[in-house]
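To keep things clear, I will list the structure first and then write my remarks on it.
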Protein chains: 2
Amino acid sequence: MVVTSHDVARLAGVSQPTVSRALRNSPKVSEETKRRVREAATALGYVPSETGRALSSGRTRRIGLLLTDLENQFYPHVIAPMHRELEALDYQLVLQTESSDTGRVAERLLANSLDGVLLATTTVDSVLPVRLRDRGVPFVYFNRTSESVAADSAEVDAESGMHELARRILELGHRRVGAIFGPRNASTAEHRERALREALAAASVTVSGSMSYRGPFDVETGYVGARRLLEAEQPPTVIVCGNDVVAYGALNAAHELGRAVPGEVSIVGFDDLPEARWPMMQLTTVAFDLDAMARRAASLLVARIERGPDEPYRHESFPSRLVERRTLGAAP
Amino acid sequence: MVVTSHDVARLAGVSQPTVSRALRNSPKVSEETKRRVREAATALGYVPSETGRALSSGRTRRIGLLLTDLENQFYPHVIAPMHRELEALDYQLVLQTESSDTGRVAERLLANSLDGVLLATTTVDSVLPVRLRDRGVPFVYFNRTSESVAADSAEVDAESGMHELARRILELGHRRVGAIFGPRNASTAEHRERALREALAAASVTVSGSMSYRGPFDVETGYVGARRLLEAEQPPTVIVCGNDVVAYGALNAAHELGRAVPGEVSIVGFDDLPEARWPMMQLTTVAFDLDAMARRAASLLVARIERGPDEPYRHESFPSRLVERRTLGAAP
DNA sequence: TGGTTCAGTGTATGCGTATGCATCGGAAGA
DNA sequence: TCTTCCGATGCATACGCATACACTGAACCA
């Protein structure tokens, strides 16, 4: 039924190992034989079995991508460039989502015989990196880090953009600054929060507890958080969101409450997703090269897989900067 | 380095096949032995190699999902439910995107030793289904069909919703009906177009060539198409879009041109994605249970894989209905 | 008591590819 | 002409698991 290298060997009049070598373009096979083998392979429609190859070589050329939530609007812009990069490097992408049972995720990742794992979940789970390290499964942190287990990483430098944003916010006269931060235990959320607070503190502006909200990086958080902040007695004049997706939710809340943006309240995001540029949206946001960062994470992982565990860890940092659009204006 | 069933066998004092049987809970192994094997497996942290299992069993428990464009806003709402369903059925999801070189895609799909493929691309490529059939790789059409090669399918019944929409549009006094259809050679696009035209024809309303635009199901198409239609001398009073994502683009165009929605122009989508419900958006659209449809496609495929090729093909149809929100109003 | 049966386990083998090593034949050098 | 060497190929085997089949011993029946 299925064509194997033996069938090709028979047709080409050579042995099976010669087929293997010929098709992998080994220099130990004569050009004439390669030609015959290739012809036979084409004639039979032979495609090498990845399973056989994996068992024999110990490499699957498959990489796992661990995400928090497949439906989050952030991830398509991560998955796509990673997929493109990995395709070019001849690797496959297998999706995994975080389940409540971390042990099971780890087990699946390992059983899957993945060559490596891209950790793109927001919250830092301390168990998984340890297990991966112990099993010798290469992995890379994407848009997060962990102090506990060292590994390659691709991250945003939030400071530059956040400082720029804070300066501009103050310049526009805002003093009641609200914020919707990301979840606790998420390094990305912490970096952004700290950068914002530090930059504002320079002008003695603080984000008080009643002026802030905290939750997962999703639309719901932005919506609920912004409603809460905007319906307070002294609502903020600007709401800085943990990322663009959260800002979408905040915009929805403002829209629903009939608050003009940026007339009555300014809203700012982080990430500069393609949707932020939509005429409908025109979201002012802190931008960085997400596409490049995703591709970099993928290539870092492949380099780690192919060059081995002895290379020093690389921590790629992507600078951020403010992109002003419509949703940030002068304080009312 | 890596723990195999042999290691477990040695520790448990049994043979390797007994380990295999015990862990797969075969009735041919005594409870006492199972207990010992399980203990040994846990002690060693044994996780069966999927590669070994795949080579031996001929099944990879991996399913390919072929998409047009990973960054399209439609797909997260497809990927997520499929992933959930497949996870419950203990299958993995591997992403593939359509490349220009169809042959290469087919080859990769086959080499990948996938147990089956979910075809979720919009355009009907005639080569791939044939190759999959010839190789005996089970597959399911999702949100599309092909007359040439029979297979299970999960599709929308566009007629009910489109008729409802047409009736409502006419009722609201619209006579200049514009449309942004999906791409040519896409069965989904054709169904929706035909259903709309038929329903309008009953009232002698037609969508002329100058009142329609055609392109891939993406934001760009909606934006470009709507700009073209709206900047014409006699712009339509309503624009029916091939799907919600296209409608996002149309809304962007209307926004940019300063046309009030639905005051000056009504815009309607199809799919009822979660984003359509956003207060910012409030898109009137033709809805169906996309989540269920995606899950159904996945379970149809698994059933096909596990029950074999002799079962009759199943064509699941999901009814559609109009969901009125803000973007459809009376004709100006 | 001998034969039959069956539960439980081991042995042998296959799945498809990659690779270390042996082999072979011809060319080059002595 | 004999040896040496090397390019080209075949042989044997490993990878980890699943499964057909063989085997063993105990229980049961006649």
Side-chain angles (χ1 to χ4, degrees), chain A residues 1-38 40-41 44-62 90 107 110-115 135-136 306, chain B residues 1-38 40-41 44-62 90 107 110-115 135-136 306:
Chain A
M1 180 75 203
V2 117
V3 181
T4 74
S5 54
H6 286 94
D7 303 321
V8 177
R10 208 172 305 124
L11 180 62
V14 297
S15 70
Q16 175 271 323
T18 298
V19 171
S20 172
R21 285 186 281 246
L23 295 180
R24 315 198 76 231
N25 207 21
S26 156
K28 321 195 83 185
V29 178
S30 72
E31 286 307 319
E32 162 60 14
T33 305
K34 281 184 188 171
R35 199 186 48 72
R36 281 220 321 283
V37 169
R38 275 197 279 259
L44 295 175
Y46 169 70
V47 179
S49 150
E50 285 195 357
T51 308
R53 193 169 272 185
L55 190 61
S56 178
S57 71
R59 295 226 172 289
T60 60
R61 302 200 77 81
R62 230 175 297 127
D90 199 28
E107 191 172 306
L110 301 165
N112 222 334
S113 321
L114 298 167
D115 286 351
R135 293 274 181 156
E306 297 184 349
Chain B
M1 180 74 201
V2 118
V3 181
T4 74
S5 54
H6 285 97
D7 302 322
V8 177
R10 206 172 306 123
L11 181 61
V14 296
S15 70
Q16 176 269 320
T18 297
V19 171
S20 172
R21 285 187 282 249
L23 295 180
R24 314 197 77 230
N25 207 22
S26 155
K28 319 195 83 182
V29 177
S30 72
E31 286 307 318
E32 163 60 15
T33 305
K34 282 184 189 171
R35 198 186 48 70
R36 280 222 319 284
V37 169
R38 276 196 278 260
L44 295 174
Y46 169 69
V47 180
S49 150
E50 285 194 359
T51 306
R53 192 168 272 185
L55 191 60
S56 176
S57 70
R59 296 225 169 291
T60 60
R61 302 200 78 82
R62 230 176 298 129
D90 200 27
E107 189 174 307
L110 300 165
N112 221 332
S113 320
L114 298 167
D115 287 350
R135 293 272 182 159
E306 297 184 349

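Chain letters run A, B, ... following the sequence lines, proteins first, then strands; residues in each count from 1.
- Looking at residues two or more places apart in sequence or on another chain, you find a side-chain contact (heavy atoms from CB on, under 4.5 Å) between B/Leu55 and A/Thr51, A/Leu55.
- Applying the side-chain contact (heavy atoms from CB on, under 4.5 Å) test to B/Arg38 and every residue at least two apart in sequence or in another chain returns B/Leu23, B/Asn25, B/Glu31, B/Lys34.
- Listed for the B/Ser57 side chain is a donor-acceptor partner under 3.5 Å among the backbone atoms of B/Arg53.
- Closest heavy-atom contact between B/Ala111 and A/Val47: CB-CG1, 3.1 Å.
- Looking at every heavy atom in both residues, A/Val19 comes nearest to A/Ser5 through CG2-O, 3.8 Å.
- Rounded to 10°, the angle separating the first-five-pair axis and the last-five-pair axis of the helix from C/dT1-D/dA30 to C/dA30-D/dT1 equals 60°.
- Between the side chain of A/Asp115 and the main chain of A/Arg59, no donor-acceptor pair closer than 3.5 Å is present.
- Across all non-hydrogen atoms, the minimal contact from B/Asp90 to B/Arg61 is O-NE, 2.9 Å.
- Looking at every heavy atom in both residues, B/Val29 comes nearest to B/Ala22 through CG2-N, 4.0 Å.
- Screening residues 3-15 of chain A for salt bridge (charged side-chain N to carboxylate O under 4.0 Å, His left out) gives A/Asp7-A/Arg10 as the qualifying pairs, with residues at least two apart or on separate chains.
- Considering every non-hydrogen atom in both A/Ala9 and A/Ser15, the closest pair reads CB-C, 3.6 Å.
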Contact state string [nucleotides 16-23 of chain D, B base, S sugar-phosphate only, - no protein heavy atom under 4.0 Å]:
BBBBB---
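- Using a 4.0 Å heavy-atom criterion, one finds that A/Val14 contacts the sugar-phosphate atoms exclusively.
- Along DNA chain C, the stretch of nucleotides lying under 4.0 Å from any heavy atom of chain A spans, 5' to 3', C/dG16 to C/dG20.
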